[in-house]
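Keep in mind it's a predicted model, so treat the numbers as computed, not measured. In what follows, chains carry the letters A, B, and so on, assigned in the order in which the sequence lines appear, proteins first and then strands, with residues in each chain numbered from 1.
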Amino acid sequence: MDAASCLRRRSPRVAGESVKMTSNFRWFLPTFTLLCLLSRVSGQRKGAPRDLKCTTNNLRAWDCSWKAPSGAGRSALYEVCIENRSPPCYRSGKTNTKIPTLLPGDHEITINPLHDSGSSLSRFTLNEKDVSFIPDPPEILDLSADFPASTLHLKWTDRGSVFPHHSRVIWEIKVLRKDSMEVVKVVTHNTTLNGVDTVHHWSWASDMPLECATHSVGLRCYVDDPHFSGRKEWSDWSPLKNVSWSTDSPGKVFPQDKVILVGSDITFCCVTQEKVSSAQIGYAKCPLIHLDGENVAIRIHNISVSEDSGTNVVFTTKENIYGTVIFAGYPPDIPQKLNCETVDLRGIICTWDPGRPTALVGPRNTSYTLSESFSGKYVKFKRAEALINESYQLLFQILPDQELYNFTLTAHNPLGQSQARILVNVTERVYPRTPSSIKVKDINATAVTLSWHLPGNFAKIKLLCQVEINKMNSVQELRNVTIAGADGSRYLAAVGRLHPYTVYTFRVRCATEPFWKWSRWSDEKQYLTTEAIPSKGPDTWREWRSDGKNLIIYWKPLPVSEANGKILFYNVSCSSDEKTQSFSEIPDPQHKAEMQLDKNDYIISVVAKNSAGASPPSKIASMEIPNDDLRTEQAVGTGRGILLTWGHDPNATCDYVVKWCNASQAEPCLMDWRKVPANSTEAVIESDQFRPGVRYHFFLYGCRNQGYQLLRSVIGYIEELAPIVAPNFTVEDTSADSILVKWEDIPVEELRGFLRGYLFYFEKGERDTSKMRGLESGRPDVKVKNITDTSQKTLRIADLQGRTSYHLVLRAYTSGGLGPGKSMFVVTKENSVGLIIAILIPVAVAVLVGVVTSILCYRKREWIKETFYPDIPNPENCKALQFQKGICEGNSGLKTLEMNPCTPNNVEVLETRTAVPKIEDTEIVSPVAERPEESSPEADPESQVVVSYCPPVVEEEVPNPGADEGGGASQVIYIDVQSMYQPQARPEEELETDPAAGAGAAAGYKPQMHLPVTPAAEDAAAEDGADKSAGYRPQASVRAWNLASPDSPRSTDSNSEAVSFGSPCSINSRQFLIPPKDEDSPKSGGGGWSFTNFFQNKPND
Amino acid sequence: MDLRAGDSWGIIACLCTVLWHLPAVPALNRTGDPGPGPSIQKTYDLTRYLEHQLRTLAGTYLNYLGPPFNEPDFNPPRLGAETLPRATVNLEVWRSLNDKLRLTQNYEAYSHLLCHLRGLNRQAAAAELRRSLAHFCTSLQGLLGSIAGVMAALGYPLPQPLPGAEPAWAPGPAHSDFLQKMDDFWLLKELQTWLWRSAKDFNRLKKKMQPPAAAVTLHLEAHGF
């Protein structure tokens, strides 16, 4: 008992002072062993404690528990003794006890129930491996919510002081959502225990706004102590901590006004007491996710970029609309093309390109900060509105004594930030402003001083400036000037090597050294340099008048580059050994002067003067040395100029002179002149005045001491052209077989080239024939003569035909081509012998033919009589007789007498014909209407006897074989002789009737008189039809018809009916019913034709 | 709210009329005393012109706000827009208003609305929209001047500006973007309703101020005989 109490009493000390415990161990161990042995003996005798289990929560003490022996009372007291420990025994009124941590290895533990006589002592072997290490549930110090960020912040302590060793701890945190405690997140978090209590933090961003639902967090841990060999287990979960949001507003949508990255997923929720019916983002409706109560949420995946005012998310309830605005955009891009330079070394301007747009504007737009690391200064850039086509730039003031700047440009917006860096030496990055206020001052005629203003503090550096010099019609020139810099002052530069009296345009640009960039060019400044004396005397020439007494002095105006100013006047002087003659102050536009000189060995001097002074004199000798062996040559140029060559003259003392003029101009001949260096032997003379086809005269003068000598005289063209006129030619003489032609020269102006010859064309032809035009076209009947001897002026053309018209053409040609031709028609004279022969031969032939015919007729007179004039007329010969009429009448005449033999038959006169109807009557009778009754004689041949004449036309036009052959036998046809002599009326009636019968068969006949009974329309139709059906045409109106006699040429010619008068004969008797005399008389038949008629009609054919 | 093509001539005509008449508005030109009739007519014309102008502006602005604000059937409750003066009024109450009260209400309403509209202008991110809003504000300022002119012509004193009405408009810190958009929506809607009401008000005033036509006729006839 004492020992036990002692143990219990000392136990706290044991826990703290293990060293002392070992010192007492020597006496404690035998006692403890003894007790244990006693306990085991008694335990075995009765019930004993069993199932000893030990755990620990801090590795410092073990909680051991056991099961009480059966039958043990409530007030049982146990003595737990540990072998070899001091204090060895602990008493406990419960079935568990805390014992200090035991060393690794087996330990024997006895549990002895005291005051229980029936129970016996239990003995256990306890090892650390059998002990479970279960830490206490961790304690959450704090759980807070950052609602705008939807983030939970958890704070807890690890109670590290409790544990004896440094160990690794695994924390498991779980986040639960909603009242139903859905686990939304389980995460492990590792820390280390370091012997002291440490507070740990853990934050978690919720994918759903924390306002949407209650969020709870629980925590447990697992201590992984490396020294503990027993079983290590997770602690229990800590008590849950909750976070929830409460408001008194009726409803709200979360998150509010949030800025998120494009493409993110986001959940919106509506916290409301009302039932939400729908939700939409932009135009799109979204399915609702129900949360606690009436709260709902929507989940948006891959959100697209927002408009300027953001994307609206709206929840609609029955009564209200709740919403929020979300801004989906991008974090700022890295600033591109960051560049820093200075214009004046007072401030640095940094420009950049913002890169990809962020789609965020207004307060969410990107802000920029330009910071300099050496000085620690910075400037900010913030603009609510996104710039369009405008550079982003910031001005940073240059610091004294600092040349190197290390800039960092930071772009920042709610979604992030980006940076760009640049290190610049400011003196090497100068882009000067545009020089201004350019001024020019004279130094002299060839040099000026240029000054300009350039703002900026360039005191420490040098400026490199460029002056651009522009002269009219000249290449621009650039000159570089290096100037020491100054602080905002004017800069000066001298510009020399200029021409006097010349308009220059200056402009300036500057850069710094070392070179970075040229400034822009300044505005242009125009300046006229002052005048200087002319640098040369004028180019001079002289010409003697043809009388040899007057000398004309010519000079050319000085070119601008040599005049050096405005030439005011010229001074001309002629000096010889004896006297001097001069003209002063000849005003500028005049460039010649004439002097009367008594002899010709003067020296002429010409001086040009401007406001600055006089030019050096140009001198020329007046004498012209004669040249005897001079001949004029010909030359042709190249189109632009003409080449003159000459032999080298060693005596030449000065330049050759080539002068030229238009060959056709009057004296003095001078258009222009040109001086050629004395050592030359050729010159190409070109001038804008030269025209093709114009003859020029060139003179080459050699220069001697005494004067000039004409060396060559050349006429030429720069280009030859064809003559523009034809040579004027005349016919000098004409015979029956030849023509002598003479022509004149073409004037030089119209020749337009050197004449090379003439072409003479001739051929037979008259003036009116059109083939004349193509005379020169090389037709074989055109003869050509080429006259190459240009001095020839006449030509005789032989071997021509007499009394024939000839067409002659003469054309001149040069190397430039063929000129126009002059044409002429000439008739050769008549050959009289041939004419006589031509008359006599036909006369002789005619006489011979007449004689032969007469002889033949005489010899065959019987046959002729029998054939043509038989004594007894043979009716069949009617045809022969009628033949001649038929010529005139056409086929109708033949048919008239081509009758079949008429068989006599009964003659029955059914009707007596009335008298000849008057013309007036016919007018109301329509031939068409009468046709059915009268046009069918064969319809009832036996009951009628047709009393009719025998109009051949009718038979032709109405072919009726039956009537001709079979039916003909029953007819007696009378030729109504009387009717033949009815000059007008009778034919009229016939025209009305018979032709009407034939009209249906489209006969060629047509009544001459048109009856005006039918309406006008019918008339037209009838006429048209008739015109088409036959060659016959109505001749005239009624009146015309009445007036025309049948035998009039017109009537005869056109009216077939009228010529049907042959010699009428009775078919039965075959006798002519008219006297033969009538038949012979052409006048008896109104339609008969006569020789005279024939000729009268001929023109109408 | 879309402006139809046919309306453009009407707008131009209205604008011309307004510009033509502006120099004669008593508020701007007090040299003569033409009486209240012409100035009421001009104020009425200006109201109609502003109606047209607002139709275009509102279309642009609601499109800027985005859906559902630009949807034709969008009709949210009047949540945070309580500070806006209400144009809707009971018909009997409206009829019973006297001229002074009628003009005073108009003047006060446009003073408030103008103040809010300037705030709208400050917020808009798009430059083009800001220009349109500024232009409309100027026009609305002109209307306010016209109403003041009519009141002066009729001898009514101008209402004293309420404390806090004129100072710079600033949104409350708790105002979310969405509620701000709702306010903008209601501002435009209320402005539209006020312009309608003003047109009626000035029409009524105009009729009231016209001299009796019969009397004039009789007078002329008497001269004629």
Side-chain angles (χ1 to χ4, degrees), chain A residues 148 211 247-259 268 270 274 278-286 304-329 357-365 383-390, chain B residues 1 57-82 84 116-134 168-190:
Chain A
E211 297 92 337
T247 178
D248 51 353
S249 65
K252 240 179 170 180
V253 178
F254 299 99
Q256 295 259 317
D257 309 336
K258 191 171 182 178
V259 182
F268 297 94
C270 178
E274 303 166 71
S278 68
Q280 72 178 87
I281 175 166
Y283 288 105
K285 297 268 182 194
C286 302
S304 53
V305 69
S306 296
E307 295 297 323
D308 284 355
S309 72
T311 307
N312 303 321
V313 180
V314 176
F315 291 83
T316 310
T317 66
K318 192 176 178 182
E319 299 287 331
N320 276 313
I321 288 174
Y322 305 116
T324 184
V325 182
I326 193 85
F327 299 90
T358 61
L360 300 174
V361 294
R364 291 160 288 274
N365 198 3
R383 204 170 290 192
E385 196 177 336
L387 299 174
I388 297 164
N389 296 331
E390 198 180 322
Chain B
M1 291 280 185
L57 175 68
T60 313
Y61 197 83
L62 293 181
N63 276 330
Y64 165 74
L65 293 184
F69 295 98
N70 58 353
E71 289 172 359
D73 53 348
F74 183 65
N75 188 22
R78 208 169 183 274
L79 280 179
E82 294 306 326
L84 290 174
H116 282 273
L117 206 59
R118 283 180 177 146
L120 202 70
N121 191 15
R122 275 188 283 273
Q123 279 186 314
E128 181 60 38
L129 196 57
R130 276 213 301 276
R131 272 192 288 277
S132 299
L133 280 165
W169 179 92
H175 234 49
S176 75
D177 278 336
F178 187 79
L179 288 178
Q180 186 57 52
K181 284 185 174 187
M182 293 276 264
D183 288 355
D184 296 350
F185 178 88
W186 271 105
L187 171 61
L188 293 173
K189 191 165 181 171
E190 211 56 79

Exercise. If you draw a 6.0 Å radius around CD in A:Glu307, do more than 12 non-hydrogen atoms from other residues or ligands fall strictly inside?
Worked result: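 Atom CD in A:Glu307 is not crowded, with 12 or fewer foreign heavy atoms closer than 6.0 Å.
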For this session: Would you give the length of the straight line joining atom CZ of B:Phe69 to atom CD1 of A:Ile321, rounded to the nearest 0.5 angstrom?
Result: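 These two atoms lie 8.0 Å from each other.
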Problem set entry | Reported CG-to-OG1 distance for the pair B:Leu179 and A:Thr324, which is rounded to 0.5 angstrom |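 It comes to 9.0 Å.
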Exercise. Do A:Val313 and B:Phe178 come close enough that some side-chain heavy atom pair is under 4.5 Å?
Worked result: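 Heavy-atom side-chain distance check fails, nothing below 4.5 Å.
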Exercise. Does any non-hydrogen side-chain atom of A:Tyr283 lie less than 4.5 Å from one of B:Glu71?
Worked result: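 Yes, close enough: below the 4.5 Å cut-off.
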Problem set entry | Max heavy-atom pair count under 4.5 Å with chain B, selected residue of A:Ile281, A:Asn312, A:Val325 |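 The candidate making the most pairs under 4.5 Å is A:Asn312.
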Problem set entry | Smallest separation among heavy atoms of A:Ser309 and B:Lys181, with atom names |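 Here A:Ser309 and B:Lys181 meet closest at O-NZ, 2.7 Å.
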Problem set entry | Side-chain donor/acceptor of B:Asp177 to backbone N/O of A:Asp257, under 3.5 Å |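 Such a contact is absent between B:Asp177 side chain and A:Asp257 backbone.
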Exercise. Heavy-atom distance under 4.5 Å to chain B: side chain of A:Glu319, backbone, both or neither?
Worked result: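 For A:Glu319, the backbone is the part near chain B, not the side chain.
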